[in-house]
Amino acid sequence: MTRTVVRWPHKALRTPAADVPDITDDIRSIWDDMIAVMEAMPGVGLAAVQLGIPLRLAVVDASTARGQAVRMANPEILHASVELRDHEEASPCLPGVSAVVKRPRAVTVRFLNADGAVEERDFVSLWATSVQHQIDHLAGRMYFDRLGRVKRDMLLKRAAKLGR
């Protein structure tokens with residue numbers, strides 16, 4: 001089944017996702033679909049809500065070789081570095097626009113992995129940025145919510161013009 005990305009302002013993008021109680025074959029299948037969509041974009045991460053699935057599921061693969069996707073259920077940030085990193089972020093939910101966002105350079109994240117075990121992992125640089133971006137999606141936030149009002153409004157106006 002080929003899933004498609006929902007477009008802004010779809011309500012799934014503003015609704016906090018539900019926790020995943022345990023890892024089942026259905027959850028693994030959703031992750032497989034998410035990875036296929038992420039690779040087709042190509043992107044470095046995807047949250048289930050971007051496909052209209054209201055579950056706290058994310059995949060991230062910021063490797064240069066690809067095929068290293070980390071599958072996460074219920075990810076939460078335990079620790080974030082004080083040092084920030086600028087990165088130009090975008091979303092397939094709002095195509096054609098992007099913005100530089102400041103986020104912690106490194107994060108420690110706890111999540112359920114593909115085996116259903118609780119895992120804690122450190123992510124740095126682009127991996128950390130992507131994980132934080134996906135966790136924002138799962139909370140009903142978009143990357144542009146981290147911008148000031150004027151920059152956010154300009155970005156949304158530009159996106160609206162492109163969407164016509």
Side-chain angles (χ1 to χ4, degrees), residues 3-20 27 30-31 33-35 37-39 41-63 68-113 118-160 163:
R3 297 185 189 258
T4 57
V5 173
V6 299
R7 299 296 175 123
W8 175 260
H10 193 284
K11 71 176 186 166
L13 299 172
R14 283 297 193 208
T15 307
D19 280 343
V20 175
I27 295 298
I30 292 170
W31 271 327
D33 291 349
M34 291 170 64
I35 290 169
V37 171
M38 175 184 68
E39 292 294 339
M41 291 186 312
V44 294
L46 194 72
V49 297
Q50 291 178 276
L51 301 179
I53 302 167
L55 296 173
R56 289 183 42 75
L57 296 171
V59 294
V60 176
D61 188 350
S63 65
Q68 308 297 314
V70 177
R71 299 161 186 248
M72 295 178 274
N74 309 327
E76 62 177 313
I77 296 172
L78 301 177
H79 175 75
S81 66
V82 176
E83 183 184 347
L84 300 179
R85 174 180 184 273
D86 288 350
H87 186 76
E88 183 122 5
E89 296 188 30
S91 175
C93 302
L94 191 66
V97 295
S98 62
V100 174
V101 177
K102 283 185 185 299
R103 294 186 188 266
R105 188 188 73 77
V107 291
T108 302
V109 179
R110 178 178 21 212
F111 57 93
L112 286 179
N113 65 23
V118 175
E119 183 175 332
E120 287 184 17
R121 189 180 290 196
D122 295 328
F123 295 95
V124 180
S125 194
L126 182 56
W127 285 88
T129 298
S130 182
V131 168
Q132 293 170 80
H133 182 109
Q134 306 323 316
I135 290 172
D136 275 359
H137 271 306
L138 298 176
R141 294 184 65 175
M142 295 284 289
Y143 71 93
F144 55 75
D145 293 327
R146 294 191 171 271
L147 303 174
R149 197 181 101 232
V150 171
K151 285 186 179 178
R152 182 178 59 245
D153 290 350
M154 285 174 43
L155 182 134
L156 290 172
K157 282 180 186 167
R158 193 165 60 245

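Between Val70 and Val59 there is no side-chain heavy-atom pair separated by less than 4.5 Å. Side chains of Ile35 and Arg71 form a contact here, defined as non-hydrogen atoms less than 4.5 Å apart. Inter-residue side-chain proximity for Gln50 and His137 is flagged as met; some heavy-atom pair is nearer than 4.5 Å. With a 4.5 Å cut-off on side-chain heavy atoms, Arg7 and Pro95 count as touching. No side-chain heavy atom of Glu76 sits less than 4.5 Å from a side-chain heavy atom of Ile135. A 4.5 Å side-chain heavy-atom check between Val100 and His87 finds every atom pair outside the cut-off. Looking only at side-chain heavy atoms (C-beta outward), Ile53 and Arg3 come within less than 4.5 Å of each other. In this structure, the side chains of Ser98 and Glu88 come closer than 4.5 Å at one or more pairs of heavy atoms.
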Exercise. Where do Asp61 and Trp127 land on the side chain to side chain contact (heavy atoms under 4.5 Å, CB included) test, with the steps shown first?
Worked result: CA-CA 7 Å; Asp61 188 350; Trp127 285 88; 3.9 Å; yes
Problem set entry | Candidate pair Val49 and Thr15, rule side chain to side chain contact (heavy atoms under 4.5 Å, CB included), full reasoning | CA-CA 8 Å; Val49 297; Thr15 307; over 6 Å; no
For this session: Begin with the C-alpha distance, continue with both residues' side-chain angles, and end with the deciding distance and a verdict on salt bridge (charged side-chain N to carboxylate O under 4.0 Å, His left out) for Asp136 and Arg146.
Result: CA-CA 10 Å; Asp136 275 359; Arg146 294 191 171 271; 2.7 Å; yes
Problem set entry | Worked check of side chain to side chain contact (heavy atoms under 4.5 Å, CB included) between Thr4 and Leu51 | CA-CA 6 Å; Thr4 57; Leu51 301 179; over 6 Å; no
For this session: Evaluate side chain to side chain donor-acceptor pair (under 3.5 Å) for Thr108 paired with Arg121, printing each intermediate quantity in order.
Result: CA-CA 6 Å; Thr108 302; Arg121 189 180 290 196; over 6 Å; no
Exercise. Can you list the steps and then say if Tyr143 with Arg103 is a side chain to side chain contact (heavy atoms under 4.5 Å, CB included)?
Worked result: CA-CA 10 Å; Tyr143 71 93; Arg103 294 186 188 266; 4.1 Å; yes
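Applying the side-chain contact (heavy atoms from CB on, under 4.5 Å) test between Met72 and each of Leu138, Val131, Val20 identifies Val131 as the sole match.
Interatomic distance, Leu46 CG to Ser130 OG, rounded to the nearest 0.5 Å: 9.0 Å. In this structure, CG in Asp86 is found 3.5 Å from NZ in Lys102, a value given to the nearest 0.5 Å. Here CG of Leu147 is found 9.0 Å from CG of Leu156. Values are rounded to the nearest 0.5 Å. Between Arg158 atom CZ and Leu94 atom CG the span is 9.5 Å, to the nearest 0.5 Å. Atom CD of Glu83 is separated from atom CZ of Arg85 by 10.5 Å, given to the nearest 0.5 angstrom. Considering CG of Asp19 and CG of Asn74, their distance stands at 4.0 Å, rounded to 0.5 Å.
A pairwise comparison of heavy atoms in Pro104 and Ser81 identifies CB-O, 3.5 Å as the closest pair. Between Ala58 and Gln134, the shortest heavy-atom contact is CB-CB, 3.8 Å. Closest heavy-atom contact between Gly52 and Ala12: CA-CB, 4.1 Å. The two residues Val97 and Ala90 have their closest heavy-atom pair at O-CB, 3.6 Å. The two residues Ala69 and Met38 have their closest heavy-atom pair at CB-CE, 4.3 Å.
A salt bridge links Asp145 and Arg14; the closest N-O separation between the charged side-chain nitrogens and carboxylate oxygens is under 4.0 Å. Salt-bridge check for Asp153 with Lys157: failed, with every basic side-chain N at 4.0 Å or more from each acidic carboxylate O.
Ring geometry for Trp8 versus Phe144: interplanar angle over 60°, hence perpendicular rather than tilted (30 to 60°).
A donor and an acceptor atom, one from each side chain of Arg105 and Ser125, are nowhere located under 3.5 Å apart.
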